[in-house]
Amino acid sequence: MKDILTDILISENIQGAGVDALGARFRVAFQPDLWKDPALLAEKVKQCRALIVRNQTPVTASLIDAAQELLVIGRAGVGLDNVDYKHAEKAGIVVSFTPDQNAISVAEIAIGMMLSLARFIPAADADTKKGNWNRQRFVGTELYGKTLGIVGAGKIGYLTARRAMAFGMKVLAYDPFLSRDNILLSEVQAELVELDELLARADVVSCHLPATTQTVGLLNRERFMSMKPGAFFINTSRGKVVVEQDLVEALKAGIVGGAALDVRSKEPPQVGELEAMPNVILLPHIAAFTNEAQDRVTAAICEDVARVLDGKPALNAVKRAMPMPRVTS
Ligand code: MLT
């Protein structure tokens, strides 16, 4: 083994008590802007045993191959689309993530987006701050009695549905991995349906999908055009599941009555037609950004990275929980 100068490399802005605790036991290099420089990242990663990232560091197969001392990759968050975890698995590296830690925050913002769309909250705020008092212009709709369609009924979808129940909404769910007798679905009295049926019946469609080969581009022209006319569309999951130009067309046609997007197909996005639409709410991928969620995410990922460096199994491994010796031939 080479002389290791750094135990843990943090290539994005991940801070908090968990990182401080790691710093007391390991040599930690905190380089929050390193993700912007892939060549320097590839150089630095050669010397470390652990790499902690959020969603901006591309952890590619070639980066993994360059990191011959690496034992564990910690993804501070739930989405794994920036980590080639299958390649890491083959290379014997543990990939740990934090599947449940930010779910409440994401579910809460999905509800916030629903209310914002239904009651024009951002638009009415901006208009009133201009000195106007336009009460008739902002006549909204109630959520009570409306139908929410959850596309992807994992933890975040379930928590969103639970909160929607408190508003008196009926819940439809589409998730090819769940069966009708799923206990969480029955808890929120959700009807499990096919995607086409959900889109045709829901007044609000809320997307909670990972970006995979099956889901990228799933929300396309045909699917938007088959939505219940005037329905709202919300995405707090991954931008790539939506074909943005197709959403623009459906908004222009009035089929989609309003959209709220926390995530974009390219981040940061280029300013385009969505930015100019009054019935569109855009956020900079902040659904998981609450103090509580970030404290939990950081604590959980730091604990798992420390466990692996201490020779213990990871608690939240994507696949393998213990590293394997690297094959270098
Ligand atoms: C997640 O995947 O955990 C959230 O989208 C936030 C993030 O990407 O870090």
Side-chain angles (χ1 to χ4, degrees), residues 9-16 18-19 30-36 41 50-60 72-86 88 95-113 150-160 175 206-216 218-219 234-242 244 260-269 281-305 314-319:
L9 178 61
I10 304 179
S11 61
E12 295 185 49
N13 189 12
I14 301 162
Q15 300 186 61
V19 174
F30 175 62
Q31 307 215 346
D33 290 326
L34 190 57
W35 62 274
K36 294 177 189 165
L41 173 68
L51 172 66
I52 303 184
V53 304
R54 202 189 287 284
N55 68 350
Q56 288 174 295
T57 310
V59 186
T60 57
V72 54
I73 298 163
R75 162 67 170 102
V78 60
L80 288 166
D81 36 311
N82 60 316
V83 178
D84 192 338
Y85 63 90
K86 290 185 182 148
V95 178
S96 168
F97 70 143
T98 61
D100 294 339
Q101 308 301 340
N102 57 28
I104 292 171
S105 293
V106 181
E108 285 185 1
I109 212 166
I111 296 292
M113 289 168 140
I150 297 281
V151 180
K155 182 78 182 255
I156 297 171
Y158 158 74
L159 290 175
T160 304
D175 193 318
S206 189
C207 240
H208 303 279
L209 294 167
T212 66
T213 45
Q214 284 81 37
T215 63
V216 168
L218 185 72
L219 277 305
I234 294 169
N235 190 9
T236 51
S237 58
R238 282 296 179 264
K240 286 191 167 57
V241 305
V242 171
E244 282 188 3
L261 308 177
D262 181 49
V263 287
R264 305 295 295 277
S265 49
K266 183 173 175 297
E267 294 183 5
I281 298 168
L282 300 173
L283 302 178
H285 200 150
I286 53 167
F289 277 25
T290 61
N291 293 321
E292 295 85 350
Q294 288 311 306
D295 284 352
R296 287 193 298 263
V297 162
T298 305
I301 207 63
C302 291
E303 183 189 351
D304 244 10
V305 165
L315 299 175
N316 287 299
V318 175
K319 288 193 166 194

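Just so you know, ligand 1 is whichever comes first in the structure, and atom 1 is the first atom listed for that ligand. This one's a predicted model, so the numbers in the text were calculated from it and none came from an experiment.
Among D81, I14, V78, I286, the residue whose heavy atom lies closest to atom 1 (C) of ligand 1 is V78. If you check each of E12, Q294, R75 against atom 9 (O) of ligand 1, the one with the closest non-hydrogen atom is R75.
Ligand-side atoms of ligand 1 in range of R54: 9 (O), range being under 4.0 angstrom from any heavy atom. Which parts of ligand 1 touch R238 is read off a 4.0 Å heavy-atom cut-off, strictly below it: atoms 1 (C), 2 (O), 5 (O), 8 (O). Which parts of ligand 1 touch G77 is read off a 4.0 Å heavy-atom cut-off, strictly below it: atoms 3 (O).
Minimum heavy-atom separation, L283 to I109: CD1-CD1, 3.9 Å. In terms of heavy-atom proximity, P58 sits nearest to W35 at CD-O, 4.3 Å. Heavy-atom minimum distance, N235 versus C207: OD1-CB, 3.4 Å.
Checked against a 3.5 angstrom limit, the closest N/O atoms of H285 and ligand 1 fall inside it. The shortest N or O to N or O distance between G79 and ligand 1 is below 3.5 Å.
Among residues at least two apart or in separate chains, side chain to side chain donor-acceptor pair (under 3.5 Å) pairs with a member in residues 97-113 are S105-T290. Among residues at least two apart or in separate chains, salt bridge (charged side-chain N to carboxylate O under 4.0 Å, His left out) pairs with a member in residues 76-86 are D81-R238.
Contacts between N102 and ligand 1 below 4.0 angstrom, taking non-hydrogen atoms only, involve the side chain exclusively.
In this structure, the separation between CG on L282 and CZ on R264 is 5.0 Å, given to the nearest 0.5 Å.
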